[in-house]
Amino acid sequence: MIPKLLVHINPEIRIIEAANILTQHGFSLTHPDLLWIEEEKLGVEQAKQIRAHLALKPFQGSVKAVVIVNADNLTPDAQNALLKTLEEPVGETIFLLGISNQDSLLPTISSRSEIVLLKSDQISTSDLKQLKDLEQLKDWSMEKRFQYIEKLDDRQAFFAALIHHYGNQKSPAILKLLIQAEQWNKQNVTIRAI
């Protein structure tokens with residue numbers, strides 16, 4: 001697959017679009033064949049990490065995925081190190097690079113990628129609301145949390161968003177509980193029990 005450059009000034013919009021594309025290909029944010037990178041500093045080490053991820057055979061299915069939310073932060077050396085990987089990926093690969101503007105990356109990378117200019121109105125208001133709600137959730141009363149979660153149409157996506165949110169904050173204890181809750185949700189345990 002041709003790498004996609006997801007272009008928008010707001011990283012939240014890029015995250016939502018990347019998550020939507022991944023969902024269309026059967027990936028959740030906790031999928032074992034997904035490498036999701038949101039780091040601020042992206043050098044040659046991250047390029048090596050990406051190549052190592054893609055060198056492994058997929059655990060589920062036949063596709064691997066890499067998302068770099070802030071690809072603007074890739075150093076020129078890192079971009080050059082990724083160039084061959086982008087041109088000739090091992091197996092089938094979904095490669096999504098989030099950037100704030102089209103001139104953020106070297107022309108050699110841009111010319112080998114599909115440029116997707118995102119508009120805020122492409123993102124559903126429910127997706128944006130969910131992101132804002134995640135930030136506020138910890139301050140809500142237990143009853144308000146229950147009410148919010150009981151009204152959700154797609155609890156699976158909500159659990160994936162929570163796991164992603166707390167995974168980026170490096171909260172292993174909360175992350176472990178969320179992964180367990182996600183599994184219970186798949187087994188149709190009542191949401192109040194979860």
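Because the structure is predicted, anything quoted here is derived from the model rather than measured.
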Note to self: Applying side-chain contact (heavy atoms from CB on, under 4.5 Å) to Leu6 and Ile21, what does each step give before you reach the verdict?
What the structure shows: CA-CA 11 Å; Leu6 307 179; Ile21 292 169; 4.0 Å; yes
Check: Tell me, do Ile109 and Leu83 make a side-chain contact under 4.5 Å, heavy atoms counted?
Finding: yes
Next item on the list: Could you check if a side-chain atom of Leu35 sits within less than 4.5 angstrom of a side-chain atom of Ile50, using non-hydrogen atoms only?
Entry: yes
Checklist line | Close side-chain approach of Leu5 and Leu105, heavy atoms under 4.5 Å | finding: yes
Notebook entry, point to check: Is the backbone N or O of Asn10 less than 3.5 Å from a side-chain atom of His8, with the two atoms forming a donor-acceptor pair by type?
Noted result: yes
Next item on the list: Decide yes or no for Val116 and Leu118: does some side-chain heavy atom of the first lie under 4.5 Å from some side-chain heavy atom of the second?
Entry: yes
Next item on the list: Could you tell me whether the side chain of Glu17 and the main chain of Arg14 form a donor-acceptor pair under 3.5 Å?
Entry: no
Note to self: Given 3.5 Å as the limit, does a donor-acceptor pair link the side chain of Asn101 with the main chain of Ser104, or not?
What the structure shows: yes
Report, one line per pair, each donor and acceptor closer than 3.5 Å where one atom sits in a side chain of residues 58-69; sequence neighbours left out.
unit_1, atom_1, unit_2, atom_2, d
Gln60, OE1, His31, NE2, 3.3
Lys64, NZ, His53, O, 3.0

Margin query: Going by the rule salt bridge (charged side-chain N to carboxylate O under 4.0 Å, His left out), which residues pair with Arg112 if we only count those two or more places apart in sequence or in a different chain?
Written below: Glu87
Next item on the list: Answer whether the closest heavy-atom distance between the side chains of Thr85 and Leu54 falls below 4.5 Å.
Entry: yes
Note to self: Closer than 3.5 angstrom, by distance alone: can the side chain of Asp72 be matched with the main-chain N or O of Ser100 as a donor-acceptor pair?
What the structure shows: yes
Note to self: Between Phe95 and Leu117, is there shared hydrophobic-cluster membership here, with clusters defined by ILVMFWY side-chain heavy atoms closer than 4.5 Å?
What the structure shows: yes
Item checked: Neighbour count above 12 (heavy atom, 6.0 Å) for Leu56 CG -> yes
Item checked: Side chains of Lys41 and Thr75 in contact at under 4.5 Å (non-hydrogen atoms) -> no
Notebook entry, point to check: Got a second to check how far Asn73's CG is from Ile37's CD1, nearest 0.5 Å?
Noted result: 11.5 Å
Checklist line | Considering all heavy atoms, the nearest Thr108-Ser111 contact | finding: O-OG, 3.3 Å
Note to self: Nearest 0.5 Å, please: how far is CD1 in Ile15 from CG in Asn20?
What the structure shows: 12.0 Å
Check: Is there a donor-acceptor pair under 3.5 Å between the side chain of Glu114 and the backbone N or O of Ile2?
Finding: no
Check: Considering all heavy atoms of both residues, which atom of Ala81 and which atom of Ala47 are nearest to each other, and what is their separation?
Finding: CB-CB, 3.8 Å
Margin query: For Gln79 versus Leu74, what's the shortest heavy-atom pair and its separation?
Written below: NE2-O, 3.0 Å
Check: Does any non-hydrogen side-chain atom of Tyr148 lie less than 4.5 Å from one of Lys144?
Finding: no
Next item on the list: Please test Lys4 against Leu97 for side-chain contact (heavy atoms from CB on, under 4.5 Å), starting from the C-alpha separation and ending with a verdict.
Entry: CA-CA 6 Å; Lys4 291 182 190 272; Leu97 303 165; over 6 Å; no
Check: Could you walk me through whether Trp36 and Leu96 pass the side-chain contact (heavy atoms from CB on, under 4.5 Å) check?
Finding: CA-CA 10 Å; Trp36 183 284; Leu96 305 174; over 6 Å; no
Item checked: Those residues that, when tested against Lys48, pass salt bridge (charged side-chain N to carboxylate O under 4.0 Å, His left out) (two or more places apart) -> Glu45
Check: Are Ile99 and Ile115 connected in a single hydrophobic cluster, I mean Ile/Leu/Val/Met/Phe/Trp/Tyr linked by side-chain heavy atoms less than 4.5 Å apart?
Finding: yes
